[in-house]
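What follows is one structure encoded as structure tokens, with my remarks underneath.
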Protein chains: 2
Amino acid sequence: MTDNGRTHARIRITVDLVIFTVRQESLQVLLVKRGNPPYRGRLALPGGFMRDHENLDGAARRELLEETGLGGPDVPHLEQLGAYSDPGRDPRGRVVTVSYLALAPDLPAPTAGSDAAAAVWEPVEPLLSGGDRLAFDHDVILRDALEHARRMLENTTLATAFCERDFTMGDLKRVYEAVWGVPLDLRNFYRKVNRTEGFVVPTGEKRSLETGRPALLYRKGPATLLYPPMTRASHSGHESSAQSPK
Amino acid sequence: MTDNGRTHARIRITVDLVIFTVRQESLQVLLVKRGNPPYRGRLALPGGFMRDHENLDGAARRELLEETGLGGPDVPHLEQLGAYSDPGRDPRGRVVTVSYLALAPDLPAPTAGSDAAAAVWEPVEPLLSGGDRLAFDHDVILRDALEHARRMLENTTLATAFCERDFTMGDLKRVYEAVWGVPLDLRNFYRKVNRTEGFVVPTGEKRSLETGRPALLYRKGPATLLYPPMTRASHSGHESSAQSPK
DNA sequence: ACAAAAGTGTTTGAGTTACACCCATGA
DNA sequence: TCATGGGTGTAACTCAAACACTTTTGT
């Protein structure tokens, strides 16, 4: 921590947000098309510079609000992931960025007109396995964030952050399936969720779809950690009601 | 990421190292006594400013080498944890720090004369539950790092980073006991370690203490993740050889 | 009555805990 | 031969995956 006349320039600091949501059975991330150089026209993670009076968490909350409109009493989960610091990662000069992970429910409008040209939801899977590259080192940041999100669903109750206030077990199961990319057995899923006291609390209401039995509705409970953790396994075969071997 | 004339000063960036070791059955952390204001005379985590040509990981490796002499081919584990950014966390001005976790074997000399006044190993437990406060926000950083290290032993093979090149099962067990703060059953510990292919590899050698049966020696294996994870439980009672009910 | 989705109960087998017990050495 | 740490074997129990089966709706 001692400063003995060595060469260490002052540096600009940004936050970059990896905002995930689950839409149409797939995990998607919010990206903006850059309107200015560098990387003009390329997709990038939303983000911006940390200001003088705020800390990193504050900057991340502000950017999240600007990009999605989320942030009042109904704050989605927001968590710092890591710092990216290679000299040369930003052509404009020495810029260190700190990435944040946000989990949001499926939002009606992709964005609420910020300074970014256009914000779009993009499926994550195609972005990582081939496809166009994102601006800066955002491919790496996105990959790290996905890894982190998958771990989080195993050990915490944060899957509920992807859901509306009221949700069904099927909704919650689809979140796990989208993030992990594996099918789950709904019947075992019930027990795993219910064995952790306070993961979800029933509202007493039901929701009717076009077809099928109406599902009970739940809300996020007070629990935050999962003991024991969720395990990604259990390939559901639709083997029950309509395929008895007799 | 767009810069539209807003107020965002350039900032200085430091790395702070939480270097853990296990000595005398207890988890200890390397601290330096500050020779200059602010917090002169107080204990602090070793660290320093990131330089122009290097990234954060490079700065952390350099500081680790300066403080402990470790860093050649026998690199200890070094991992980025998080960024601490509150305005006012450093009286000298706006300084953002990024913390790193390092796991080191019990080193002969606490340090190799760096620019820091004096480096000492301090037991972690007393530091967190009462006692003197560390400089800056290093109490918070230390607490976060301990939490992270405990999680790491559950899910990775990194406990071996605390050991010498050759170690016994008893050595490895003592690492877990020191970091987790709970006693383990050596007999079940064997199986847990051995069920993960490549956690440790036997050398064929043995080590004799003053008393007792000589123990087989092992080295770190190629595995890095633990499936399934280690679980902290299993209170060893010394119930075997010498207390049969007959 | 049928299809489709929601939810419950039961079998089975793998994994863990808690031990009894044996082994190898120094004093 | 005793004390001390090292190491193996095993019975009882727990838990979770797999799957049969029942319930509740819309058409």
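Residue numbers begin at 1 in each chain, while the letters A, B, ... track the order of the sequences.
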Spacing of [X] atom [atom1] relative to [N] atom [atom2], expressed in whole Å:
X: Tyr190(A); N: dT10(C); atom1: OH; atom2: C1'; value: 18 Å
X: Asp185(A); N: dA20(D); atom1: CG; atom2: P; value: 11 Å
X: Leu184(B); N: dT16(C); atom1: CG; atom2: C1'; value: 14 Å
X: Lys173(B); N: dG6(D); atom1: NZ; atom2: C1'; value: 11 Å
X: Leu186(A); N: dG9(C); atom1: CG; atom2: P; value: 15 Å
X: Phe189(B); N: dT16(C); atom1: CZ; atom2: P; value: 14 Å
X: Asn188(A); N: dA20(D); atom1: CG; atom2: C1'; value: 13 Å
X: Glu205(A); N: dT24(D); atom1: CD; atom2: P; value: 17 Å

Residue list, side chain to side chain donor-acceptor pair (under 3.5 Å) with [X], at least two apart or on another chain:
X: Asp57(B); value: Tyr100(B)
X: Thr168(A); value: Asp171(A)
X: Glu125(B); value: Ser129(B)

Min side-chain heavy-atom separation Leu17(A)-Leu45(A) under 4.5 Å: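 Sidechains of Leu45(A) and Leu17(A): no contact.
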
Is there a side-chain contact between [X] and the phosphate of [N], meaning an N or O under 4.0 Å from OP1 or OP2?
X: Lys192(B); N: dG15(C); value: no
X: Arg187(A); N: dA17(D); value: no
X: Thr231(B); N: dT17(C); value: yes
X: Arg195(B); N: dT16(C); value: yes

Any pair counted as salt bridge (Lys or Arg N to Asp or Glu O under 4.0 Å), so long as it reaches residues 193-202 of chain B, sequence neighbours left out: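 Non-adjacent pairs meeting salt bridge (Lys or Arg N to Asp or Glu O under 4.0 Å): zero.
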
Residues Arg150(A) and Glu154(A) bridged, charged N to O under 4.0 Å: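 Between Glu154(A) and Arg150(A) there is no salt bridge, as every charged N stays at least 4.0 Å from the carboxylate O atoms.
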
Pairing residues for Arg42(A) by the side-chain contact (heavy atoms from CB on, under 4.5 Å) criterion, not counting sequence neighbours: Tyr39(A), Arg133(A), Ala135(A)

Sugar-phosphate only, base, or nothing, as touched by Arg191(B) at under 4.0 Å among non-hydrogen atoms: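 Since a base atom lies under 4.0 Å of Arg191(B), the category is base.
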
Hey, what are the protein-to-nucleotides 24-27 of chain C N/O distances that come in under 3.5 Å?
residue, atom, partner, partner atom, Å
dA24(C), N3, Arg213(B), N, 3.4
dG26(C), O4', Glu210(B), O, 3.1
dG26(C), O3', Glu210(B), O, 3.3

